[in-house]
Amino acid sequence: MGTNPECAVHWIRKGMRLHDNPALLAAINFKNEQGKHVLLKPLYILDPHFRKFMRVGPNRWRFLQQSLEDLDKKFRALGSRLYIVRGKPEEVFPDLFKTWNMKLLTWEYDIEPYAKKRDVLIEDMAKDNKVKVEQHVSHTLYNTNLVLKANGGKAPMTYQKLVSVLESLPKPKPPLDAPTSLPKECQGVHHPVEHLVPSMEEMGLDGATIPPCKFPGGETEALKRLNKSLANKEWVRKFEKPNTAPNSLEPSTTVLSPYLKFGCLSVRLFYHELKKILATGPHAKPPVSLLGQIYWREFYYVVGSDTENFDKMKGNKICCQVDWDTNEKYLEAWAHGKTGYPFIDAIMRQLRLEGWIHHLARHAVACFLTRGDLYLSWEDGQGVFEELLLDADWAMNAGNWMWLSASAFFHQFFRVYSPVAFGKKTDKFGTYIKKYVPELVKYPVEYIYSPWEAPLSVQKTAGCVIGLDYPRRIVNHEEIHKKNIARLSAAYKRNKANNASQGSSSSSPSKKSSKSSPAESKAKRKSTTQTTLSFSKKKKE
DNA sequence: CCTCGAGTTGCGAAC
DNA sequence: TGTTCGCAACTCGAG
């Protein structure tokens, strides 16, 4: 077994691309003790964790599968290939270190809690096996640890604060080119029949039962989409998110998010291409501009990297503790687009079908699920989004759910989206609803957003009787949203009182004040910033 | 030319 | 990156 040639492994997790991939380049450029390049083995591990503990729906599995195939194709064109290994990383690597004769292992730095813990473990294992490890930051525009450091060791808790911190840091470097060729020694296809890219069937997908693919995965598609999105410079410069429609029949925004989430597209490439266009004329500004959208991503990544239990309410110091209800029937109705509110249902059905919905559509359904109407926990919604969204991204999913439920960052809980009025602003004829809720296709315009108001004769003529062919609305928005505002107001008062009493006693044992270096990769960091975070939150209201 | 009323637009306040 | 309401100011066609 030790006969295998020395190799440098680039472990792909996110960062599913060849362009602007410093960890990949490090593996390619690696030289052994003889000063020679070694065989390159780009590796992807199908980790059962993502089957058992994460909710991944068919659309995202397919996106992953397509991204892997694209990678394999690109590596094969360079005289290499993609190696796919099944199993838990901590069980897989000890064997690979030896049998693959691994000299170097590189990967892209990941801030997610599961990844952080995993990577510390693998790094230790690698060291025990005399395998060098290199980590590179390339999933975010800025190194989250350096952002924290620049802000006095704690996360900026407002968007504006984050932007000012980013502006104080050195500008992001230009993106790195994809390798166009590999050194001779890096090339070679070993274990030719093993470690193949999984088929749709292996990923548990019946190709026939999932809808046609609207947003195919992979770097090739990502770069195509980037070029298409940035082709109209005027549109790019004028882009303001609030002025794009949540309910257009074709996306009114770029839909680059799935590609950024998987790292098929480098955010740094996006940033630099965008900057070039912005320099050509007057343009919109953050937070609403396209650049502003990139900064939102940085914002949630930075806060998420520094907040314990960021994806939960309990034990999460920045999250308002709210007495959310538990109601399986409501959750089920919401998740499957059967609330009886056509605008809400159309969005949720588009989400399940296509894996992507507009940002403002996410606002509408998230508000509806939580503080607006159903008063269910944002964690319930987070789970459904995690399953169904192609771009489900840990930090942004949790952060945005806290925002929309007024649990953190955003506190104007009396600003409630109307599930009837909101969609009308950009789609007064309800064509979006008719596309995704075809039961209502024959409804007259005046009832399309509120079909329960249609007289029975109209319902019959339209071939869709409410309560029979389409659900009766599960809550009365006009009544329930006022009650919910009152409940949330009470929760805020309780929260404020709790925070005040905890703050004054000041007996919290979490005063470790360890100023660990940002490059430091041991996981036991955190907790020092937590007390200050809850204060800055209080200041906001 | 004026007056009237219906309809619109824009703003601030309250929830 | 809310909705609704009331109010004032305005437009515009009818008479």
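Here is the naming used below: chain letters follow the sequence lines, and residue numbers restart at 1 for every chain.
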To the nearest angstrom, the CZ-C1' distance between Phe414(A) and dA14(B) comes to 9 Å
Are Phe299(A) and Tyr295(A) close enough that their ring centers fall under 6.0 Å?
-> no
Looking at Trp334(A), Trp452(A), Tyr449(A), which one forms a ring pair (Phe, Tyr, Trp, His ring centres under 6.0 Å) with Tyr341(A)?
-> Trp452(A)
If we ignore angles and hydrogens, is there a donor and acceptor under 3.5 Å between the side chains of Tyr375(A) and Asn327(A)?
-> no
Residue pair Asn145(A), Tyr109(A): steps toward the side-chain hydrogen bond (donor to acceptor under 3.5 Å, both in side chains) verdict | CA-CA 11 Å; Asn145(A) 291 316; Tyr109(A) 180 66; 3.2 Å; yes
Base, sugar-phosphate alone, or nothing: which one does Lys425(A) contact when heavy atoms must sit under 4.0 Å apart?
-> sugar-phosphate
How would you give the extent of chain A contacts on DNA chain C, as first and last nucleotide 5' to 3' within a 4.0 Å heavy-atom cut-off?
-> dT1(C) to dT4(C)
In chain order, what residues pass the side chain to side chain contact (heavy atoms under 4.5 Å, CB included) check against Ser138(A), with sequence neighbours excluded?
-> Arg17(A), Pro22(A), Glu108(A)
